[in-house]
**Student:** 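Once you've had a glance at the structure underneath, I'll fire off some questions.
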Amino acid sequence: MEELEVIPLHKSAKYMLECCQLINSEWKRSETARLRSLECSCDDLPTSLVLIKDRKVIGHAKLTPIPSIKSGCFVESVVISAELRGKGFGSFLMKKAEEHCRNFLNLDAIYLSTKGQEKFYSKLGYSECGPISIYGAPSFLSVNNKISDTKQNVNKNVPVAPPLPPKIPDGRSTKTKTYMYKLL
Ligand code: ACO
C-alpha cells in the first residue's frame, strides 16, 4: 500500500471539495454545512483525516474531542469510496488514525459509535462499551458518580468502560447504536 497516504485535511485544503463529496455520497447533507464542518479541521481536535490514493480522496475519518475524556477522542464519519470497499483501505485508514492519535495528539483511547459496522471495528481491536457523549456533559459516571477518565482508569487498573445497558428479554438491545473503544 505504498501509494497511499493519510493526511490531515487542513494541511492540504485542495482536497476539501472532494472530501465533502465523498462523505456526502454516504451521508447526504448540504454541501455548505459539510464544508463548514470540514473547515474546522486543525492540528488539535477536531481533525479530518483523508486517505489519498493516486492523488484522489478515497477515504475520510474525523477525530472529535470528547469534553469529559481529555485523553481520548471520538472517531466518526469513517468512509471509503463505495467501489473500493473490502480491499483493506478502511483498516489502513483506521490504523493511521490510531497512530495519529497516539503519536501526534498524545491520546490513549479512541471511542466511536456504529450501527452495522461492529464486525469491522471488532476485527480492528475495538470492544463494546457504554454510551459516550461528545456534547459537553460527562459521558458516563462511575459507581460513586465521578466522571470516568480513561487514563485515570488505566492507572488505577479499574474497568475503562461503564456497564452496558440491560438487554430486553427477546435479545433486542434497548440501544440503537453500539459504542466501542480501543486503548492505544
Ligand atoms: N461487516 C462485516 N465485516 C466487515 C464489514 C461489515 N460491514 N466491513 C468490513 N468488514 C471486514 C472485512 O471483510 C475485512 O475482514 P478481513 O480482514 O477478515 O478480510 C475487515 O473488516 C477489514 O475490511 P476493509 O476492507 O479494511 O474495510 P473497508 O475498506 O471496506 O472499510 C468501511 C470499511 C469504512 C466500514 C466501509 O465499508 C464504508 O465506508 N462503509 C460505509 C460507511 C460506513 O458505514 N462507515 C462506518 C460508520 S461508523 C463510524 O464512522 C465510527
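Counting starts at 1 for both ligands and their atoms, in listed order.
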**Student:** Salt bridge check, R36 against E39: does any charged N sit closer than 4.0 Å to a carboxylate O?
**Tutor:**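 Judged by the 4.0 Å cut-off on N to carboxylate O distance, E39 and R36 do not form a salt bridge.
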**Student:** Can you tell if the side chain of H10 reaches within under 4.5 Å of the side chain of D43, non-hydrogen atoms only?
**Tutor:**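 Heavy-atom side-chain distance check passes, below 4.5 Å.
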**Student:** Give the residue, atom name and distance (to 0.1 Å) of the protein heavy atom nearest atom 45 (N) of ligand 1.
**Tutor:**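 Atom 45 (N) of ligand 1 sits closest to the protein heavy atom V78 O, 2.7 Å.
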**Student:** Pairing donors with acceptors under 3.5 angstrom, does anything connect the side chains of N24 and R34?
**Tutor:**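 N24 vs R34: donor-acceptor pair found between side chains.
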**Student:** What is the distance from atom CG of L63 to atom OH of Y111, rounded to the nearest 0.5 Å?
**Tutor:** 14.5 Å
**Student:** Can you list the atoms of ligand 1 that are under 4.0 Å from a heavy atom of E26?
**Tutor:** 41 (C), 42 (C)
**Student:** Identify, by atom number and element, the atoms of ligand 1 in contact range of V75, meaning under 4.0 Å from any of its heavy atoms.
**Tutor:**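 Within the 4.0 Å cut-off of V75, ligand 1 contributes 51 (C).
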**Student:** Among protein heavy atoms, which sits nearest to atom 39 (O) of ligand 1, and what does the distance come to when rounded to 0.1 Å?
**Tutor:** I80 N, 2.9 Å
**Student:** Measure from atom 19 (O) of ligand 1 to the protein's non-hydrogen atoms and state whether any distance is below 4.0 Å.
**Tutor:** no
**Student:** Give the numbers and elements of all ligand 1 atoms closer than 4.0 Å to a heavy atom of K123.
**Tutor:** 15 (O), 16 (P), 18 (O), 20 (C), 21 (O)
**Student:** Kindly indicate, with the supporting measurements, whether the criterion side chain to side chain contact (heavy atoms under 4.5 Å, CB included) is fulfilled by S113 and F74.
**Tutor:** CA-CA 8 Å; S113 71; F74 204 80; 3.9 Å; yes
**Student:** Hey, does G59 sit under 4.0 Å from ligand 1 if you only count heavy atoms?
**Tutor:**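 In this structure, G59 fails to qualify as a contact of ligand 1 - no heavy atom is under 4.0 Å.
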**Student:** Just go through K119, Q117, E76, K87 and tell me whose heavy atom is the nearest to atom 5 (C) of ligand 1.
**Tutor:**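 Shortest heavy-atom distance from atom 5 (C) of ligand 1: Q117.
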**Student:** Relative to the heavy atoms of F89, which atoms of ligand 1 are at a distance of less than 4.0 Å?
**Tutor:** 26 (O), 29 (O)
**Student:** Near G88, which atoms of ligand 1 are under 4.0 Å from a heavy atom of that residue?
**Tutor:** 24 (P), 25 (O), 26 (O)
**Student:** If we only count heavy atoms from C-beta on, is the I110 to E98 side-chain gap below 4.5 Å?
**Tutor:**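 Sidechains of E98 and I110: in contact.
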**Student:** Do side-chain atoms of S41 reach the backbone of S48 as a donor and acceptor pair under 3.5 angstrom?
**Tutor:** yes
**Student:** Which protein heavy atom lies closest to atom 36 (C) of ligand 1, and at what distance to 0.1 Å?
**Tutor:** R85 CD, 3.7 Å
**Student:** Under 4.0 Å between a side-chain nitrogen and a carboxylate oxygen: does that hold for E26 and R85?
**Tutor:** yes
**Student:** Looking only at non-hydrogen atoms, which of Y111, F92, F120 approaches atom 32 (C) of ligand 1 most closely?
**Tutor:** F120
**Student:** Does the side chain of K96 reach to within under 4.5 Å of the side chain of L49, using non-hydrogen atoms?
**Tutor:** no
**Student:** Show me which atoms of ligand 1 lie under 4.0 Å from any heavy atom of V79.
**Tutor:**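 Here the atoms of ligand 1 in question are 39 (O).
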**Student:** If you measure every N/O of L112 against every N/O of ligand 1, is any gap under 3.5 Å?
**Tutor:**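 In fact, backbone or side chain, L112 has no N or O that close.
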**Student:** Does L84, backbone or side chain, put an N or O under 3.5 Å from an N or O of ligand 1?
**Tutor:** no
**Student:** Considering both backbone and side-chain atoms of G86, is one of its nitrogen or oxygen atoms within less than 3.5 Å of a nitrogen or oxygen in ligand 1?
**Tutor:** yes
**Student:** Should Y121 be listed as contacting ligand 1, given a heavy-atom distance under 4.0 Å as the test?
**Tutor:**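 Heavy atoms of Y121 do come under 4.0 Å of ligand 1.
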**Student:** Side chains of E76 and T64: is there a donor and an acceptor less than 3.5 Å apart?
**Tutor:**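 There is such a pair between these side chains.
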**Student:** I need the atoms of ligand 1 closer than 4.0 Å to a non-hydrogen atom of S113, numbered in the order shown.
**Tutor:**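 Answer for ligand 1: 48 (S), 49 (C), 51 (C).
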**Student:** Starting from the C-alpha separation in whole Å, work towards a yes-or-no answer on side chain to side chain contact (heavy atoms under 4.5 Å, CB included) for I52 and L4.
**Tutor:** CA-CA 6 Å; I52 308 294; L4 292 176; over 6 Å; no
**Student:** Less than 3.5 Å between some nitrogen or oxygen of S77 and one of ligand 1, yes or no?
**Tutor:**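 Yes.
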**Student:** Is any side-chain heavy atom of E99 less than 4.5 Å from a side-chain heavy atom of K95?
**Tutor:**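 The answer is yes; the side chains approach within 4.5 Å.
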**Student:** Among S122, S91, G90, which one puts a heavy atom closest to atom 29 (O) of ligand 1?
**Tutor:** G90
